[in-house]
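Written out below as structure tokens is the structure these notes cover.
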Protein chains: 2
Amino acid sequence: MLINELAKRTGITAHTIRFYEKSGLIKGKRDENIKSNNYFHYDEETVEKLELIVDAKAIGYTINEISELIDAWYSNKFSKVEKLAFLDEKLISLDQKIKDLKEMKNLISQYKKDVLDGKC
Amino acid sequence: MLINELAKRTGITAHTIRFYEKSGLIKGKRDENIKSNNYFHYDEETVEKLELIVDAKAIGYTINEISELIDAWYSNKFSKVEKLAFLDEKLISLDQKIKDLKEMKNLISQYKKDVLDGKC
DNA sequence: TACAACCAAAGAGTGTGGTCTATAGTTGTA
DNA sequence: TACAACTATAGACCACACTCTTTGGTTGTA
């Protein structure tokens, strides 16, 4: 699959995909049989990764965090134990974020009460 | 209270406080009795606002969103109905964010299972 | 009165995450 | 074979949220 098909399938522009490639989040391969061009070819795993990137960005993960997450999942850079430790860390910080969001909900609910009571 | 005391109390640098002031999030007042200088003076409300800013930033709110939130709470720019509508909107988007975070938790838990099962 | 610590305002610089432009080459269809 | 549509690379540009520097002045303590 070439970059334009990948872009269509994921809804991410070719530009941004190239940016992610440059940032090390994904990796296309050249086809060695084709010498007339230098095009990148992408596989299904890349589609999965881009979907993960979209989700992770939505919750505020940085490119760097996403890169680590992809490594924990797809690469063999880390041992089983290291991968599990990293993923546990992510789960804990997600719980913290959820807690923070709930606190903000309480705060805003309090604001609402005060507005209703004409306190401001 | 002058800027340095405000900085100490909130843990935000004077520089950043001036940046927030320039961005319209907070407003110091000049003391009209003092003509030898042009220093800003801050009240307790500003401390509250800065604490709100810290919390809101932690959950990923932009300066602009925080500015709107402060207006919804402290200013008289908006009617009661407008304030309530705005705050309800914020509550809904917070719920969405919590949902997104929970989805990411599920995803990462699945990754953990796969790592445990030696699937990657 | 020297001087460190403080203050304001303007503007330059930084890092992140894109987004766009320019250039140059390749491919597929009419 | 003309030409639209595709590709890569490099680098410019953007908004955001700071962060730091410069300049010039004020205040409080020894």
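Residue numbering restarts at 1 for every chain, and letters A, B, ... go by the order of the sequence lines. All values derive from a computational prediction rather than experimental measurement.
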* So which heavy atom on A:Asp95 is nearest to which on B:Lys105, and how close? -> OD1-NZ, 2.7 Å
* Which residues share a side-chain hydrogen bond (donor to acceptor under 3.5 Å, both in side chains) with A:Asn64, sequence neighbours left out -> none
* Separation between CD1 of A:Ile26 and CD1 of A:Ile70, rounded to the nearest 0.5 Å -> 8.5 Å
* To the nearest 0.5 Å, what is the distance between OH (B:Tyr61) and OG (B:Ser93)? -> 4.5 Å
* Could you identify which residues cluster with A:Leu2, counting Ile, Leu, Val, Met, Phe, Trp and Tyr as linked when any side-chain heavy atoms lie under 4.5 Å apart, either directly or through a chain of such contacts? => A:Tyr39
* Asked: How would you list all residue pairs meeting ring-ring contact (aromatic ring centres under 6.0 Å, His included) that involve residues 63-88 of chain B, not counting sequence neighbours?
  -> A:Tyr111-B:Trp73
* Check each residue of residues 57-69 of chain B for a non-hydrogen atom within less than 4.0 Å of any atom in DNA chain C, then write out the ones that pass by number, or none. => none
* Asked: How many Å lie between CD on B:Glu5 and P on C:dC6, as a whole number?
  -> 12 Å
* Of the residues in residues 44-52 of chain A, which ones touch DNA chain D at a heavy-atom distance under 4.0 Å? -> none
* By ring pair (Phe, Tyr, Trp, His ring centres under 6.0 Å) - contacts of B:Tyr42 (at least two apart) -> none
* Structure fact -> Numerically ordered, the residues 9-27 of chain A set in heavy-atom contact under 4.0 Å with DNA chain C is A:His15, A:Thr16, A:Phe19, A:Tyr20
* Structure fact -> Residues at least two apart in sequence or cross-chain that pass side-chain contact (heavy atoms from CB on, under 4.5 Å) with A:Asp88, listed by chain then number, are A:Leu91, B:Lys112
* Spacing between A:Phe40 atom CZ and C:dT26 atom C1', to the nearest angstrom -> 15 Å
* Asked: Excluding sequence neighbours, so at least two apart, what forms side-chain hydrogen bond (donor to acceptor under 3.5 Å, both in side chains) with A:Lys77?
  -> A:Asp71
* To do: Taking heavy atoms of chain B and a 4.0 Å limit, find me the 5'-most and 3'-most nucleotide of DNA chain D within that range.
  => D:dA17 to D:dT27
* Could you state the CG-P distance from A:Asp31 to C:dT27, rounded to the nearest angstrom? -> 11 Å
* For A:Lys97 and A:Ile59, work out which heavy atoms get closest and say how close. => NZ-O, 3.5 Å
* Asked: Relative to the 5' end of DNA chain C, which residue comes earlier, B:Tyr39 or A:Ile34, by the nucleotide with the nearest heavy atom?
  -> B:Tyr39
* Would you sketch DNA chain C in dot-bracket for me? Only Watson-Crick or G-U wobble pairs with both distances under 3.5 Å count, crossing pairs as [ ], other-strand pairs as |, the rest as dots. => ||||||||||||||||||||||||||||||
* Side-chain donor-acceptor pair present, B:Ser109, B:Asn106, cut-off under 3.5 Å -> no
* Run the salt-bridge test on B:Arg9 and B:Glu51 with the 4.0 Å N-O cut-off and return the result as yes or no. => no
* From B:Lys49 NZ over to B:Leu25 CG, what is the distance, rounded to the nearest 0.5 angstrom? -> 9.0 Å
* Asked: Partners of B:Asp114 by side-chain hydrogen bond (donor to acceptor under 3.5 Å, both in side chains), sequence neighbours excluded?
  -> B:Gln110
